[in-house]
Enquirer: 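Dropping a structure here in structure tokens format, bear with me for questions.
Here the structure is a predicted model, which is why all the values come from computation and not from measurement.
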Amino acid sequence: MLEVILPDGSKKEFDHAVTPMEVASDIGPGLAKATLAGEIDGKVVGFDTKLPEEGSVHLRLLTKKDQEALGVMRHSCAHIMARAVMRLFDGVQLAFGPTIEGGFYYDFDLEHKLSEEDFPAIEAEMKKIIKQDEPFERIERNRDDSLQVVKDLGQKYKIEHIETGLKDHASMSFYQQGEFIDLCRGPHIPKPKAIGAFKILSVAGAYWKGDSNNRQLQRLYATAFFNKEDLEAHLTKIEEAKRRDHRVLGKQLDLFSINPLVGQGLILWSPKGTIIRNLLTEFVSEQLKKFEYLPVVTPNIGKVDLYKISGHYPYYKDSQFAPIHQAEDEEYLLKPMNCPHHIMIYKSRPRSYRELPYRLSEFGTVYRYEQSGELNGMTRVRGFTQDDAHIFCTDEQVEDEFRKCIQMTQYVLSSLGLTDYRVRLGFRDPDSGKYVGKEAVWDQAESALVRVCKNMGITATAEAGEAAFYGPKADFVVNDCLGREWQLGTVQLDYNLPSAERFDLEYIGPDNQPHRPVMIHRAPFGSLERFMGVLIEHFAGAFPLWLAPEQVRILVVSQKFEEYARKVEEELRNAGFRVSGDYRPEKIGAKIRAAQLELIPYMFIIGGREMEEESVSVRDRIDGDLGSMKIAQAIDKLRDEVQNRVVRQVFKGSAGLGTSAAATSDEY
RNA sequence: GCUGCUGUAGCUCAGUGGUAGAGCACUUCCUUGGUAAGGAAGAGGUCAUGGGUUCAAGUCCCAUCAGCAGCUCCA
């Protein structure tokens, strides 16, 4: 006997195995018609999934109204897209076609090069298939039969997948719709007519099983919704996010540029961008002072030998600028990291335990030769400045120092209203040989990291293979406006560079014996370039007053008031504000519009009334006209906002173009 | 790095193998105004670069450079 508990608390009993669809039919034909999938004890299942025969389950019947049904429907739509492609082109080999955040994709191998010009034909064919409304039917087969099915179908990637990826599965399932059969775990919706609106978005290359040694397939990205309005809303959201793109805004607001003559991935900071950059570094410098860091300055190059000792050299070979060959036995590397230089400062004389923790900080510029396809505006570049520091401390001090680093990073990010991040613990991948140092040391470092995060109440996700080659780390990861993840701040533990095999660092302890210090690498922003890129999108170019390159613009109603206005402008400048005046012979509306489009926080409008009263009419970028106030009063208001680093407006959310898998995974 | 797409005025973009276009921005002139676009005139081009096909190439083909999307990578 099975007891089914429905969301309203009502119970139904069945003396045989039933499916969600059968439960729906039992309740009423209307519900049965609307049911697309089920949710058993919190897990999304198909409408045709057999429930257990005994016991008690909580069942939700999912319809168009339920978000969870969207993923199921999208996967069905992926099958329909694959079916359409197979109808239109010869020799189509199917790979994988999962749902992702915001839609789905399907990978194909076929002779014909798919392009946007093919989309209308594929979409038309998909519409035809949806209109036919043939049901999705689940077929379960044992291993041998399954293999025979895909062999009969001539689907070589499916054959390979059953033989490798699914080698432990005794049985597997297929879904058939008309002439189309695909190896698939499901679930699917009963019939395709629930697919209200869909659109193929793009085509791109993707390697089979994500391995660049494998054949490159053609991937069609698409999305689907239950109705046209939702699809339109989604597409609008993508457009809006694209307008927030730091590459677009950076150009529009004249913050930075990239010139091919200078080189790909090398940022030219314009005056306005530099104002923001300098304010950010000043802000961090205040924190460094507070936490007793010692500023240092080191050169941009170093001998290759230095990096042979540090262990960077063999790893960086593929992603560095080529060494500078000065003379026989004299080669330099553009520095890919600041740590070796800082280590040499530590080593410049003997150290006592009384000096520890010894914290060296530098806004150090480093160069890395990233693959050309990876470069992206300011977020992935070949030359960047880290707000870097290295802490040399004793074993006992590690946790405390690590905690302080995390705290500083949290403080810096929250001061900018950046709260939309996740903390990722990057651990080593035990199967990879790219790490230096002993296993026991790694375990020690990794457990220290987990302990601190736990004590601080930080929810962090551990990811194997994300560690630096010298130690594990805690990264602050944010999304850009398109949904791509970027690592910003980072705190990394390092037991390796101080080791005897590397730089052999030591300090003299209270016992008058040499001891080995531990190193912590940390950077709250990570790189100023990437941070700036993310910040532009975070504020959609509308920086808070304290960061805005131009804080106030004086607008005169008519040129008659220019003299008084210039006096006000001067007064503001003397008060420390970044101010300009618009004295063009234009109408006030046009000047306001110009200032608004340039995202200037405050406009001081000056006409006859203001001149008489020795006041200004204040217009706020966000709230509009605030009325007139005395100049001193206006200055106080703005000064207050600057000093408190008030963040009034941020933009969250992405276009949902990320590829992180949706809740329902539908491939094996 | 790989696959695909793109490259025309400062910006956003039109442009059938036959004389290089628009809007905005810019310059000058008129207008002197009250909270998101006043009017007129003008200037501005190696159609990414280099080859090729053709009587003729912004347009077709090839290569290179750069950008975009995705994949792979990010020590």
Enquirer: Can you see if the side chain of A:Ser372 gets near the phosphate of B:G1 - specifically, an N or O under 4.0 Å from OP1 or OP2?
Expert: yes

Enquirer: Kindly say whether the aromatic ring centers of A:Phe525 and A:Phe531 come within a distance under 6.0 Å.
Expert: yes

Enquirer: Quickly work out the A:Leu217 CG to B:G4 C1' distance and round it to whole Å.
Expert: 14 Å

Enquirer: For a quick check of understanding: with a heavy-atom distance under 4.0 Å over all strands, which category does A:Gly589 fall into, base, sugar-phosphate or nothing?
Expert: sugar-phosphate

Enquirer: Go through the side-chain N and O atoms of A:Ser499 and A:Asn496 and say whether any donor and acceptor fall under 3.5 Å apart.
Expert: no

Enquirer: Between B:U35, B:A69, B:U3, spot the one nearest the side chain of A:Arg247, thanks.
Expert: B:A69

Enquirer: Taking atom types as they are modelled, is there a donor-acceptor pair under 3.5 Å from the base of B:C74 to the side chain of A:Glu370?
Expert: no

Enquirer: On a whole-Å scale, what distance lies between the P atoms belonging to B:U53 and B:G67?
Expert: 31 Å

Enquirer: With sequence neighbours excluded, what pairs up with A:Phe476 under the ring pair (Phe, Tyr, Trp, His ring centres under 6.0 Å) test?
Expert: A:Tyr421

Enquirer: State, without any angle test, whether A:Ser319 and A:Glu370 hold a side-chain donor-acceptor pair at a distance under 3.5 Å.
Expert: no

Enquirer: Output the rounded distance in Å from CD (A:Glu610) to P (B:G33).
Expert: 14 Å

Enquirer: With respect to the side chain of A:Arg584, which nucleotide from B:C26, B:U72, B:G70 is positioned closest?
Expert: B:C26

Enquirer: Could you verify whether a donor N or O on one side chain and an acceptor N or O on the other, from A:Arg566 and A:Tyr564, lie under 3.5 Å apart?
Expert: no

Enquirer: Using atom C1' in both nucleotides, what's the gap between B:G39 and B:U32 to the nearest angstrom?
Expert: 14 Å

Enquirer: Between B:A37 atom C1' and A:Arg593 atom CZ, what is the distance in whole Å?
Expert: 5 Å

Enquirer: Take A:Glu466 and A:Gly624, find for each the nucleotide of RNA chain B with the closest heavy atom, and name the residue whose nucleotide sits nearer the 5' end.
Expert: A:Gly624

Enquirer: Taking only residues two or more places apart in sequence or in another chain, which ones pass side chain to side chain contact (heavy atoms under 4.5 Å, CB included) with A:Gln559?
Expert: A:Pro585

Enquirer: Only one of A:Arg522, A:Met519, A:His342 passes side chain to side chain contact (heavy atoms under 4.5 Å, CB included) with A:Ile391; say which it is.
Expert: A:Arg522

Enquirer: Are A:Asn259 and B:A66 close enough that a side-chain N or O sits under 4.0 Å from OP1 or OP2?
Expert: no

Enquirer: Using the P atom as the point on both nucleotides, what is the distance between B:G7 and B:C62, in whole Å?
Expert: 15 Å

Enquirer: Mind checking whether A:Ile267 and A:Ile258 have side chains closer than 4.5 Å, heavy atoms only?
Expert: yes

Enquirer: Atom pairs, N/O to N/O, protein against nucleotides 5-14 of chain B, distance under 3.5 Å?
Expert:
none

Enquirer: Please name all residues satisfying side chain to side chain contact (heavy atoms under 4.5 Å, CB included) with A:Ala445, sequence neighbours left out, ordered by chain then number.
Expert: A:Pro472, A:Leu493, A:Tyr495

Enquirer: How is the base pairing of RNA chain B summarised as a dot-bracket string, given the Watson-Crick and G-U wobble criteria with both distances under 3.5 Å, [ ] for crossing and | for another strand?
Expert: (((((((..((((....[..)))).(((((.......))))).....(((((..]....))))))))))))....

Enquirer: For atom P, what is the distance between B:C55 and B:G70, given to the nearest Å?
Expert: 45 Å

Enquirer: If you measure from the P atom in B:U72 to the same atom in B:A56, how many Å do you get, rounded?
Expert: 48 Å

Enquirer: For B:C5 and B:U12, measure between their P atoms and round to the nearest Å.
Expert: 22 Å

Enquirer: Is it possible for you to check whether A:Arg428 lies under 6.0 Å from the centre of the six-membered ring of A:Tyr435, through NZ or CZ, and within 45° of that ring's axis?
Expert: no

Enquirer: Would you mind reading off the distance between A:Lys113 atom NZ and B:C2 atom C1', rounded to a whole angstrom?
Expert: 12 Å

Enquirer: Closest approach to the side chain of A:Ser212, judged atom by atom: which nucleotide of B:U3, B:U72, B:A36 is it?
Expert: B:U72

Enquirer: Output the single nucleotide from B:A36, B:C73, B:A69 whose closest atom is nearest the side chain of A:Ala204.
Expert: B:A69

Enquirer: Would you say A:Lys209 and A:Thr164 are linked by a side-chain donor-acceptor pair, where the criterion is simply a distance under 3.5 Å?
Expert: yes

Enquirer: Kindly point out which of B:U35, B:A69, B:C74 is positioned nearest to the side chain of A:Arg380?
Expert: B:C74

Enquirer: Using the P atom as the reference point in each nucleotide, state the distance between B:C29 and B:A66 in Å, no decimals.
Expert: 44 Å

Enquirer: On RNA chain B, compare the nucleotides closest to A:Ser202 and A:Ile588; which residue's is nearer the 5' end?
Expert: A:Ile588

Enquirer: Identify which nucleotide among B:C2, B:G4, B:A69 has an atom closest to any side-chain atom of A:Tyr207, counting heavy atoms from C-beta outward.
Expert: B:C2

Enquirer: Which value, in whole Å, describes the distance between the C1' atoms of nucleotides B:A57 and B:U19?
Expert: 14 Å

Enquirer: Under 3.5 Å, which N/O atoms of the protein pair with N/O atoms of nucleotides 27-32 of chain B?
Expert:
from  : atom 1 : to       : atom 2 : distance (Å)
B:U32 : O2'    : A:Ser558 : OG     : 3.3
B:U32 : O2     : A:Ser558 : OG     : 3.3
B:U32 : O2     : A:Gln559 : N      : 2.9
B:U32 : N3     : A:Gln559 : OE1    : 2.7
B:U32 : O4     : A:Gln559 : OE1    : 2.6

Enquirer: Rounded to the nearest angstrom, tell me the gap between atom CZ in A:Arg215 and atom P in B:U72.
Expert: 17 Å

Enquirer: Without decimals, in angstroms, what is the distance between A:Arg424 CZ and B:C74 P?
Expert: 11 Å

Enquirer: If we count only N and O atoms by modelled type, under 3.5 Å, do the side chains of A:Asp480 and A:Trp486 hold a donor and an acceptor together?
Expert: yes

Enquirer: How many whole angstroms separate atom CG of A:Asn376 from atom P of B:C68?
Expert: 6 Å

Enquirer: To the nearest angstrom, how far is A:Asp625 atom CG from B:U35 atom C1'?
Expert: 6 Å

Enquirer: Hey, is the side chain of A:Arg368 poking within less than 4.0 Å of OP1 or OP2 on B:C73, counting only N and O atoms?
Expert: no

Enquirer: Should A:Gln264 be listed as having a side-chain N or O under 4.0 Å from OP1 or OP2 of B:A66?
Expert: yes

Enquirer: Counting side-chain heavy atoms from C-beta on, which of B:C71, B:A37, B:U3 comes nearest to A:Ala590?
Expert: B:A37

Enquirer: Compute whether any side-chain donor of one residue and acceptor of the other, for A:His521 and A:Asp494, lie under 3.5 angstrom apart.
Expert: yes

Enquirer: Would A:Arg382 and A:Tyr369 count as a cation-pi pair here, with the cationic atom under 6.0 angstrom from the ring centre and within 45° of the axis?
Expert: yes

